[in-house]
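Letters A, B, ... mirror the listed sequences (proteins, then strands); counts begin at 1.
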Amino acid sequence: MPELPEVETIRRQLADRLPGRRIVAVSVRDPLLVAPLAPPDVAADLEGRTIVRVHRRGKYLLLRLDDGDDLAVHLRMTGRLHHSDAAPEEERFQRAVIGLDDGSHLTFSDQRRFGRLWRVPAGPAHWRGRVGVEPLGGAFTAARLAKLLEGRRAPVKASLLDQRLIAGIGNIYADEALFTARIHPRRTGGSLSPQEVRRLHRAIRASLRAGIAAGGASIDSYRDTLGRRGTMQDALRVHLHAGEPCRRCRAPIQKIRVAQRGTYLCPRCQPR
DNA sequence: CGACACTCCTGATGGC
DNA sequence: TGCCATCAGGAGTGTC
């Protein structure tokens with residue numbers, strides 16, 4: 001599932017190719033993608049606009065339009081964005097095809113139809129309160145993380161997944177970061193020592209950076225904009241490795257459920 | 001406000 | 001082999 005590293009991989013690819021391109025034709029095949037708006041209205045609204053910049057907020061990909069708004073795209077579980085030089089062939093899970101003035105096409109496809117595409121006003125106001133600090137940005141310090149976790153009684157993993165606190169961490173990188181930091185996912189945020197918070201801070205950034213360097217994790221359906229798989233799935237140390245020996249201590253990796261998510265950990269390296 | 005359950009979706013999986 | 005129930009989960013919403 002696309003998390004920050006996967007969305008960032010897509011962003012970097014599109015940032016090389018989309019700025020300066022004018023949208024000439026929009027075909028929304030699945031009304032759910034743009035609900036509650038109607039596909040023809042969305043098409044008419046976007047056609048003629050020029051994409052000036054490709055940026056990202058957490059897991060939200062943002063295409064800045066020349067009228068000042070952002071076209072926001074969220075891939076959720078199984079969404080994909082594909083950029084092709086020619087018009088794409090019809091495919092079962094195609095939800096929208098955006099034709100650009102150089103003849104290339106941006107295709108949104110999504111098996112499970114959780115993904116969404118919508119227009120938002122540019123700037124931080126829209127995201128304030130909904131999307132928290134960028135974990136790879138300068139504002140995300142160990143002190144900031146400590147403040148976010150201070151007094152929290154929820155499992156620390158639940159807080160890592162809460163997009164209002166930190167933007168872009170999903171189930172994969174939460175598991176990996178907690179393993180690296182040697183913290184049990186069910187520990188409460190408020191129970192972490194300053195040293196543990198520092199370890200977690202470093203581990204979050206290291207895990208996300210590793211994911212970006214690997215071009216994302218293609219566990220299920222994630223592909224980059226050229227249809228290629230990432231390689232981060234091969235570098236995961238606990239996520240999806242239930243029953244296998246821990247790489248650090250050889251104890252069998254456990255799978256438990258935390259915050260309604262399948263959660264992988266080493267019970268010896270990550271004691272409660 | 002914080003914590004948590006519920007909901008949306010559909011392909012994959014497991015049991016019988 | 002076929003059928004059906006269950007599972008997977010990001011984020012928005014509702015409840016206490």
State whether [X] and [Y] are salt-bridged, where the test is any N-O pair (Lys NZ or Arg NE/NH1/NH2 against Asp/Glu carboxylate O) under 4.0 Å.
X: A:D110; Y: A:R95; result: no
X: A:D30; Y: A:R113; result: yes
X: A:R11; Y: A:E8; result: yes

Base, sugar-phosphate, or nothing: which does [X] touch, judged by heavy atoms less than 4.0 Å apart?
X: A:R116; answer: nothing
X: A:R152; answer: sugar-phosphate
X: A:M1; answer: sugar-phosphate
X: A:K157; answer: nothing

**Request:** Please determine if a side-chain N or O atom of A:R92 lies less than 4.0 Å away from the OP1 or OP2 oxygen of B:dG11.
**Result:** yes
Min side-chain heavy-atom separation [X]-[Y] under 4.5 Å:
X: A:F179; Y: A:R248; result: yes
X: A:I253; Y: A:L265; result: no
X: A:L100; Y: A:H83; result: yes
X: A:E6; Y: A:R80; result: no

Provide, to the nearest angstrom, the distance between the [atom1] atom belonging to [X] and the [atom2] atom belonging to [N].
X: A:M77; N: B:dG11; atom1: CE; atom2: P; value: 14 Å
X: A:L161; N: B:dA3; atom1: CG; atom2: P; value: 14 Å
X: A:E150; N: B:dG2; atom1: CD; atom2: P; value: 12 Å
X: A:R261; N: B:dC4; atom1: CZ; atom2: P; value: 13 Å
X: A:R76; N: B:dC9; atom1: CZ; atom2: C1'; value: 11 Å

Extract from the structure each pairing of a protein N or O with an N or O of nucleotides 5-7 of chain B at less than 3.5 Å, listing the distance.
unit_1: B:dA5; atom_1: OP2; unit_2: A:Q260; atom_2: OE1; d: 2.4

**Message:** So if I take the C1' atoms of five pairs at each end of the helix from B:dG2-C:dC16 to B:dC16-C:dG2 and get each local axis, what angle do the two axes make, rounded to 10 degrees?
**Reply:** 50°
**Message:** By the definition side chain to side chain contact (heavy atoms under 4.5 Å, CB included), identify the one residue from A:F108, A:W118, A:F114 that meets it with A:L33.
**Reply:** A:F108
**Message:** Once you measure the plane-to-plane angle for A:F140 and A:H201, does it fall in the parallel (<30°), tilted (30-60°) or perpendicular (>60°) bin?
**Reply:** tilted
**Asked** Between the side chains of A:R29 and A:S27, is a donor N or O closer than 3.5 angstrom to an acceptor N or O?
**Response** yes
**Prompt:** More 5' along DNA chain C: A:R130 or A:R112, using each one's nearest nucleotide?
**Reply:** A:R112
**Item:** Closest contact, heavy atoms only, A:D175 versus A:V238
**Value:** O-CG2, 3.7 Å
**Message:** Is it true that, when you exclude A:R153 itself, more than 12 heavy atoms of the residues, nucleotides or ligands shown sit nearer than 6.0 Å to its CZ?
**Reply:** no
**Prompt:** Which residue, A:L32 or A:S159, contacts DNA chain B at a nucleotide closer to its 5' end, judged by nearest heavy atom?
**Reply:** A:S159
**Request:** Using chain A heavy atoms and a threshold of under 4.0 Å, write down where along DNA chain C the contacts begin and end, 5' to 3'.
**Result:** C:dA8 to C:dG12
